[in-house]
Amino acid sequence: MRHLLNPLDFTIEELDELMDVAEDIRLNPAKYAESCKGKKLATLFYEPSTRTRLSFEAAMLNLGGSVLGFSSADSSSAAKGESVSDTLQTVSCYADICAMRHPKEGAPLVASRRSSIPVINAGDGGHQHPTQTLTDLLTIRSLKGRLDNLTIGLCGDLKFGRTVHSLINALVRYENVRFVLISPNELRIPDYTREEVLKKNNIPFKEVTQLEDAMPEVDILYMTRVQRERFFNEEEYIRMKDCYILSKDKMELAKDDMFILHPLPRVNEISVEVDDDPRAAYFRQVQYGVYIRMALILKLLEITV
Ligand code: CP
């Protein structure tokens with residue numbers, strides 16, 4: 001039995017196969033409509049979510065399966081002090097697979113050790129968000145036709161943004177990928193990502209503070225919101241929250257074939273006027289999230305269609 005706790009849990013070959021299945025699902029949804037009949041997905045969300053939880057539920061329903069779960073810690077026995085290990089031993093009696101989001105880094109890993117069903121990390125604190133990364137990889141591959149030979153701009157809260165940490169980890173495995181890391185000094189990528197992931201693998205990268213400087217050179221611009229829930233100090237959040245706002249004016253500096261991604265939710269960091277630009281791909285990215293999660297459920301349940 002396998003879990004998905006970290007984007008590196010799958011080899012590049014497995015990721016390619018997963019994306020191929022997702023693409024086939026996009027083109028032939030009817031073929032998969034009953035592939036999980038009789039199977040149940042549990043969504044265990046100890047933190048708020050719109051896309052991840054609902055896209056997992058949509059994915060399982062699209063596959064002909066059923067869903068159960070909770071959407072906040074308060075509505076589960078976590079509020080009475082139950083551990084994630086005990087919760088997973090319990091949920092293993094009800095469901096065939098589960099997706100867990102938790103504010104504590106490593107909680108899905110701890111849960112997986114006592115689970116007899118596959119556990120999918122749906123976001124753990126400021127650490128990782130592997131299924132967002134699968135979504136991002138599929139989106140980039142679909143839009144650009146490749147995952148190598150790309151300059152990726154990552155902008156915003158690179159310190160707390162778990163989607164950024166996961167995506168960097170995944171993309172460094174592809175040939176000739178370079179990064180432009182755009183953040184205020186206070187929200188730079190964590191040292192362990194800079195030293196252990198980028199420098200150790202000899203990945204070209206630069207860190208800049210001005211979005212305008214990066215716009216002309218990137219093939220993908222991955223915008224992120226400032227993660228209010230990870231700040232210890234509300235004043236500091238307010239000082240940082242609008243550090244980057246992508247506007248129509250700034251889009252004029254970008255390549256014609258550049259694409260904007262964002263894991264969403266958006267707060268202010270992309271003006272709504274940018275949504276009509278054909279290079280704004282963040283709502284297409286949401287749709288790709290359903291296809292890749294369908295493919296992931298099939299893989300972890302070892303169902304071949
Ligand atoms: N991208 C993402 O994780 O969105 P939600 O927080 O709405 O699930």
Side-chain angles (χ1 to χ4, degrees), residues 3-12 15 47 52 101-110 120-140 147-211 213-214 217-232 236-237 240-241 243-244 260-264 269 285:
H3 308 288
L4 176 65
L5 303 169
N6 185 301
L8 303 185
D9 288 347
F10 290 145
T11 63
I12 288 196
L15 287 178
E47 258 196 351
T52 311
R101 171 170 289 186
H102 201 284
K104 283 199 182 144
E105 287 83 1
L109 169 66
V110 171
I120 300 168
N121 178 1
D124 60 329
H127 186 219
Q128 299 280 349
H129 193 345
T131 66
Q132 181 63 49
T133 298
L134 299 182
T135 302
D136 300 339
L137 295 178
L138 177 64
T139 307
I140 296 170
L147 286 165
D148 52 11
N149 297 303
L150 290 168
T151 298
I152 309 283
L154 297 154
C155 177
D157 184 349
L158 309 188
K159 178 179 180 184
F160 295 117
R162 59 193 173 198
T163 61
V164 167
H165 308 156
S166 280
L167 187 57
I168 292 175
N169 269 287
L171 280 171
V172 297
R173 298 198 289 181
Y174 294 89
E175 288 293 314
N176 196 24
V177 170
R178 58 185 291 272
F179 295 96
V180 184
L181 305 170
I182 310 143
S183 73
N185 284 328
E186 295 87 339
L187 298 178
R188 291 170 69 191
I189 52 161
D191 289 344
Y192 68 84
T193 304
R194 186 181 304 101
E195 300 300 323
E196 298 298 318
V197 182
L198 294 171
K199 288 190 180 170
K200 206 170 186 173
N201 291 295
N202 294 317
I203 306 298
F205 72 97
K206 63 180 176 182
E207 297 186 82
V208 300
T209 54
Q210 295 300 313
L211 176 55
D213 293 347
E217 62 178 308
V218 298
D219 300 306
I220 296 288
L221 178 61
Y222 194 91
M223 295 295 296
T224 62
R225 78 185 162 92
V226 176
Q227 304 267 307
R228 180 181 202 159
E229 64 275 32
R230 315 268 176 238
F231 276 72
F232 292 113
E236 189 70 357
Y237 166 72
M240 291 286 143
K241 70 184 174 73
C243 52
Y244 300 106
I260 306 292
L261 269 58
H262 191 312
L264 303 177
E269 57 281 356
Q285 191 181 354

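The structure displayed is predicted, hence computed values, not measured ones. Just the heavy atoms: all of them, side chains too, but no hydrogens, waters or symmetry mates, feed the values below.
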Can you tell me if Q285 uses its side chain to pair, donor with acceptor, with the backbone of H262 under 3.5 Å?
yes

Residues in ring-ring contact (aromatic ring centres under 6.0 Å, His included) with F205, at least two apart?
none

Walk me through it: do V177 and I203 pass the test side chain to side chain contact (heavy atoms under 4.5 Å, CB included)?
CA-CA 7 Å; V177 170; I203 306 298; 5.7 Å; no

Side-chain heavy-atom pair I168, V172 within 4.5 angstrom cut-off
yes

Would you check if the side chain of D219 reaches a backbone N or O of L150 as a donor-acceptor pair within less than 3.5 Å?
no

Considering only residues two or more places apart or on different chains, which pairs with a residue in residues 181-193 satisfy salt bridge (Lys or Arg N to Asp or Glu O under 4.0 Å)?
E186-R239, R188-E207, D191-R194

Go through the structure and list residues passing side-chain contact (heavy atoms from CB on, under 4.5 Å) with P103, not counting sequence neighbours.
Y46, E47

One should read off an interatomic distance between L221 CG and I182 CD1, to the nearest 0.5 angstrom, of 5.5 Å

Derivation of the side chain to side chain contact (heavy atoms under 4.5 Å, CB included) call for M223 and I260
CA-CA 7 Å; M223 295 295 296; I260 306 292; 4.2 Å; yes

To the nearest 0.5 Å, what is the distance between CG (L158) and OG1 (T193)?
9.5 Å

Got a donor-acceptor contact below 3.5 angstrom from the D124 side chain to the H102 backbone?
no

Residues at least two apart in sequence or cross-chain that pass ring-ring contact (aromatic ring centres under 6.0 Å, His included) with Y237, listed by chain then number, are F231

Taking C-beta and beyond as the side chain, do N121 and T131 meet within less than 4.5 Å on heavy atoms?
no

For A170 versus P7, what's the shortest heavy-atom pair and its separation?
CB-CB, 4.3 Å

Residues forming a salt bridge (charged side-chain N to carboxylate O under 4.0 Å, His left out) with E195, sequence neighbours excluded:
K199

Which heavy atom of Y174 sits nearest to which heavy atom of L137, and what is that distance?
OH-CD1, 4.5 Å

Between OG1 on residue T133 and CG on residue L4, distance to nearest 0.5 Å
9.0 Å

Under 3.5 Å, side chain of S166 to main-chain N/O of Q128, donor-acceptor pair present?
no

For E217, side-chain contact (heavy atoms from CB on, under 4.5 Å) partners two or more places apart
R178, V180, K206

Heavy-atom closest contact (Y244 atom, T209 atom, distance)
OH-O, 2.7 Å

Distance only, no hydrogens: is a donor on one side chain within 3.5 Å (strictly under) of an acceptor on the other, for D148 and N176?
no

Using side chain to side chain contact (heavy atoms under 4.5 Å, CB included), reason through L154 and I220 one step at a time and then give a plain yes or no.
CA-CA 8 Å; L154 297 154; I220 296 288; over 6 Å; no

Could you pull out the closest heavy-atom pair between E196 and K200, with the gap in Å?
OE1-NZ, 3.0 Å

Distance, nearest 0.5 Å, that separates NE2 of H127 from CG of L5:
10.0 Å

Return the SG to CG distance between C155 and L261, rounded to the nearest 0.5 Å.
13.0 Å

Between L181 and L198, does a side chain to side chain contact (heavy atoms under 4.5 Å, CB included) hold up when you go through it step by step?
CA-CA 11 Å; L181 305 170; L198 294 171; 4.0 Å; yes

Between H129 and R101, is the side-chain hydrogen bond (donor to acceptor under 3.5 Å, both in side chains) condition met? List the steps.
CA-CA 9 Å; H129 193 345; R101 171 170 289 186; 3.1 Å; yes

So, do V226 and C243 sit near enough that their side-chain heavy atoms are less than 4.5 Å apart?
yes

CZ/R173 to CZ/F10 distance, rounded to the nearest 0.5 angstrom?
10.5 Å

